[in-house]
Amino acid sequence: MLVEEVIEWLGAPGHVLDATLGGGGHSEALLHHGWRVTAVDRDPDAIRTAGERLAAHAARGEFRAIHSNYAALPDDGERFNGVLLDLGVSSHQFDDDARGFSYRRGSVLDMRMDTSVPGTAAEWLNESDEKELAAAFRTLADEPKARRLAREIIKRRATEPFATSDQFVSAIRTALGAQSGPSDFSRLFQAARVVVNRELEGLQEALPALRDRLHPAGRLAVISYHSGEDRLVKHAFREWSRACTCPPRLPLCACGGTALGEVCTRKAVTAVDAEVALNPRARSARLRVWQRAA
């Protein structure tokens with residue numbers, strides 16, 4: 001998503017950390033534009049598939065891939081001219097019914113980015129109480145009938161545990177009514193995925209750590225697809241760009257009054273109509289870029 005925009009906003013080539021490798025599309029584009037790429041992904045399948053795709057670059061020392069969660073990436077002292085986070089589900093994950101990211105008929109309710117860790121979407125639906133389910137649907141999917149859906153899930157799982165997308169879709173249709181459709185399924189499946197993978201918590205932890213991995217004047221680019229993600233990114237970038245970051249009640253400035261950097265994108269960059277026409281998933285993509293002080 002937004003490949004050309006990412007290339008443009010990251011600026012002059014250097015060493016970039018692609019912290020969400022996925023299918024390798026962004027890494028490949030960056031390599032073709034002269035960047036050296038260190039890539040990270042929590043999904044072993046992504047590491048293997050993208051590694052094969054970019055094997056020639058790896059052989060020349062231009063590319064390397066690391067199996068890790070970007071939110072728990074150890075700091076080995078290496079610094080980068082650019083860092084990229086693409087927070088969406090990659091196409092190979094979404095299109096594989098065995099991974100359970102889509103609401104296609106018969107898909108298993110898994111949704112884990114890293115299948116080596118416990119905690120599937122089915123387990124979350126089967127084990128969470130009404131309050132937790134409703135809160136997730138309300139805050140992560142903006143669902144006004146969140147409590148009704150939570151109650152429907154608890155009612156159904158008492159006789160048959162959730163295991164496939166069909167069961168979740170059926171519960172959604174019952175709770176939301178006959179007018180519900182694909183856009184509702186997408187919202188609510190996404191909410192479950194965000195919870196299962198602790199995406200908001202991971203992003204909040206990772207942003208300052210990734211910021212600190214930048215060289216002076218290095219840029220951090222984040223593509224988000226969910227309002228909660230975009231809000232976290234926007235607020236973090238704004239905070240880092242303030243000349244004084246001391247708490248409002250502190251009588252004197254203790255931080256030195258120097259901003260850590262500046263926001264490059266005044267508002268989120270979105271996909272052009274041509275990209276949306278080719279890939280409807282790009283419609284929800286939002287790119288924000290921040291630059292560390294020189």
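By convention here, the first residue in the shown sequence is residue 1. Computed from a prediction, not measured in an experiment: that's the story for all the values here.
Defined by atom type and a distance below 3.5 Å, a donor-acceptor pair is missing between the side-chain atoms of Ser224 and Arg286. Defined by atom type and a distance below 3.5 Å, a donor-acceptor pair is present between the side-chain atoms of Arg36 and His15. A side-chain donor from one of Tyr225 and Asp86 sits under 3.5 Å from a side-chain acceptor of the other.
A side-chain contact (heavy atoms from CB on, under 4.5 Å) with Ile223 is found for one member of Asp230, Leu2, Val3 and no other, namely Leu2. Between Asp43 and the options His67, Arg112, Arg99, a side-chain hydrogen bond (donor to acceptor under 3.5 Å, both in side chains) holds for only Arg99.
By the 4.0 Å N-to-carboxylate-O rule, Glu239 lies close enough to Arg242 to be salt-bridged with it. Looking at Lys145 and Glu143, no side-chain N of the basic residue comes within less than 4.0 Å of a carboxylate O on the acidic one, giving no salt bridge.
In plain terms, the two heavy atoms of Leu85 and Leu203 that are nearest each other are CD1-CD1, 4.0 Å. Here the shortest heavy-atom pairing between Asp142 and Pro144 reads O-CD, 3.2 Å.
Arg213 places a side-chain N or O within donor-acceptor distance of the main-chain N or O of Glu78, the cut-off being under 3.5 Å. Not one N or O on the side chain of Asn197 forms a donor-acceptor pair closer than 3.5 Å with the backbone of Glu199. Checked by atom type and distance alone, the side chain of Thr49 never pairs as donor or acceptor with a backbone atom of Ala46 at under 3.5 Å. For Ser102 (side chain) and Arg104 (main-chain N/O), a donor-acceptor pair under 3.5 Å exists by modelled atom type. At least one donor-acceptor pair closer than 3.5 Å links the side chain of Arg292 to the backbone N or O of Leu214. In terms of modelled atom types and a separation under 3.5 Å, the side chain of Glu262 and the main chain of Ala259 share no donor-acceptor contact. When atom types are taken as modelled, the side chain of Gln167 and the backbone of Pro161 share a donor-acceptor pair closer than 3.5 angstrom. No donor-acceptor pair under 3.5 Å is formed between the side chain of Ser107 and the backbone N or O of Ser165.
Residue Arg148 places its CZ atom among 12 or fewer non-hydrogen atoms of other residues, nucleotides or ligands, all under 6.0 Å distant.
Scored by the ring pair (Phe, Tyr, Trp, His ring centres under 6.0 Å) test, Phe137 finds Trp124 as partners (sequence neighbours excluded).
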